[in-house]
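No hydrogens, no waters, no symmetry mates; every other heavy atom, side chains included, goes into these values. Letters A, B, ... mirror the listed sequences (proteins, then strands); counts begin at 1.
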Amino acid sequence: MLQQLPALVVLLAVLLMAGTAYAVGRARARYGIKAPATSGHPDFERAFRVQMNTLEACMMFLPLLWLATHFGLGGWAGLAGLVWVFGRVWYALAYLKEASKREGGFALSALALVAVLLLAAFGTLRALLGG
Amino acid sequence: MLQQLPALVVLLAVLLMAGTAYAVGRARARYGIKAPATSGHPDFERAFRVQMNTLEACMMFLPLLWLATHFGLGGWAGLAGLVWVFGRVWYALAYLKEASKREGGFALSALALVAVLLLAAFGTLRALLGG
Amino acid sequence: MLQQLPALVVLLAVLLMAGTAYAVGRARARYGIKAPATSGHPDFERAFRVQMNTLEACMMFLPLLWLATHFGLGGWAGLAGLVWVFGRVWYALAYLKEASKREGGFALSALALVAVLLLAAFGTLRALLGG
């Protein structure tokens with residue numbers, strides 16, 4: 001079952017992206033900020049930044065999760081991935097309230113990202129060296 | 001052959017991203033908006049927003065397509081993916097003309113995204129439960 | 001060993017994204033541009049644009065690399081991928097200094113992207129046609 005964790009983490013990451021996109025749409029409506037504008041009210045701008053930061057984070061995290069899983073380290077990568085998702089949700093909810101509150105979730109997800117990076121790098125090097 | 005549909009959909013999604021990036025470059029040249037600026041003329045701003053929205057959409061869609069395919073549901077996911085691509089192309093072309101026209105393509109691609117999400121979630125849960 | 005090149009390229013692409021995110025954070029601190037703002041100083045704005053362009057580029061490149069590798073063309077795709085990474089690093093470093101200097105790295109990485117696109121398209125068509 002641990003081997004299927006990465007798939008669950010991918011699902012959660014996509015739901016997180018959908019959630020941050022939804023928050024932008026809601027802020028767009030609430031503050032009357034018409035597309036394609038991406039500024040006009042601090043609450044909207046924070047929501048927009050949360051969405052973009054989440055996108056950036058997923059773009060680094062998901063390929064590493066895939067690599068680590070490909071090289072047979074999906075159990076560990078999946079566990080680190082759950083921590084990463086938790087950190088990103090914390091980050092998003094805190095940042096939506098106030099920009100200065102985003103540090104904790106950011107740090108936790110960064111740690112989890114480094115863990116998945118190390119797993120992916122270990123798997124890649126082991127394969128490159130024919131281990 | 002249906003099993004290879006997801007690969008075709010990935011290719012089309014990348015070509016769509018390339019097309020939206022090209023539209024931004026063309027608008028940049030036409031309206032004399034020098035990088036790194038991302039504002040200055042409504043036509044450019046819409047083109048830029050189309051590119052970013054397409055990127056966000058791909059970042060949610062492609063991992064789900066991959067998951068559903070991984071769990072043996074590539075035929076269905078590929079068919080939903082073709083609908084998704086069609087919706088996104090419609091969205092992009094309509095939005096490039098006028099922001100208010102983007103709803104139809106957005107709704108269609110959102111429906112297709114939900115279909116692929118359900119397939120990916122079904123495959124993941126079935127694997128998690130050892131089915 | 002050539003077959004493991006794509007994994008190495010994925011790692012390098014993620015490190016490149018991390019590097020461009022770091023450059024944005026550093027510019028944010030240096031010029032006192034508080035999140036969620038994404039403008040306020042030309043150096044910051046270039047760093048931010050480098051990060052976003054890198055993200056866009058990865059979002060097109062990585063799925064194609066994955067496709068080409070999936071269809072047994074990972075050696076060639078990996079070699080083209082190394083050129084792509086080199087082009088993107090060149091692009092990022094040049095653009096951080098001056099927007100007009102970004103052309104060379106952009107052109108090289110675009111060529112490498114087209115190479116991986118052709119490999120991915122060849123692999124996909126061969127599989128679709130049952131070859």
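- Residues satisfying the side-chain contact (heavy atoms from CB on, under 4.5 Å) criterion with B:Ala94, sequence neighbours excluded, are B:Trp90, B:Lys101.
- When heavy atoms are compared at a cutoff of 4.5 Å, C:Tyr95 approaches chain B solely by way of its side chain, counted from C-beta outward.
- Judged as a side-chain contact (heavy atoms from CB on, under 4.5 Å), and not counting sequence neighbours, the contacts of B:Ala23 are B:Leu96.
- For B:Thr54, no part lies under 4.5 angstrom from a heavy atom of chain C.
- Residues from residues 57-77 of chain C that place a non-hydrogen atom less than 4.5 Å from a non-hydrogen atom of chain B comprise C:Met59, C:Met60, C:Pro63, C:Leu64, C:Trp66, C:Leu67, C:Phe71, given in numerical order.
- Among all heavy-atom pairs drawn from C:Arg102 and B:Ala35, the shortest one is NH2-CB, 3.5 Å.
- The closest side-chain heavy-atom distance from C:Thr124 to B:Val10 is not below 4.5 Å.
- Taking every heavy atom of both residues into account, C:Ala120 and B:Leu11 meet most closely at CB-CD2, 4.0 Å.
- Contacts between B:Ala18 and chain C at a heavy-atom distance below 4.5 Å involve backbone atoms as well as side-chain atoms.
- Residue pairs satisfying the ring pair (Phe, Tyr, Trp, His ring centres under 6.0 Å) criterion with at least one member in residues 12-37 of chain B, sequence neighbours excluded, are listed as follows: B:Tyr31-B:His41.
- Residues B:Leu55 and C:Glu56 share a closest heavy-atom pair of CD1-CA, 3.8 Å.
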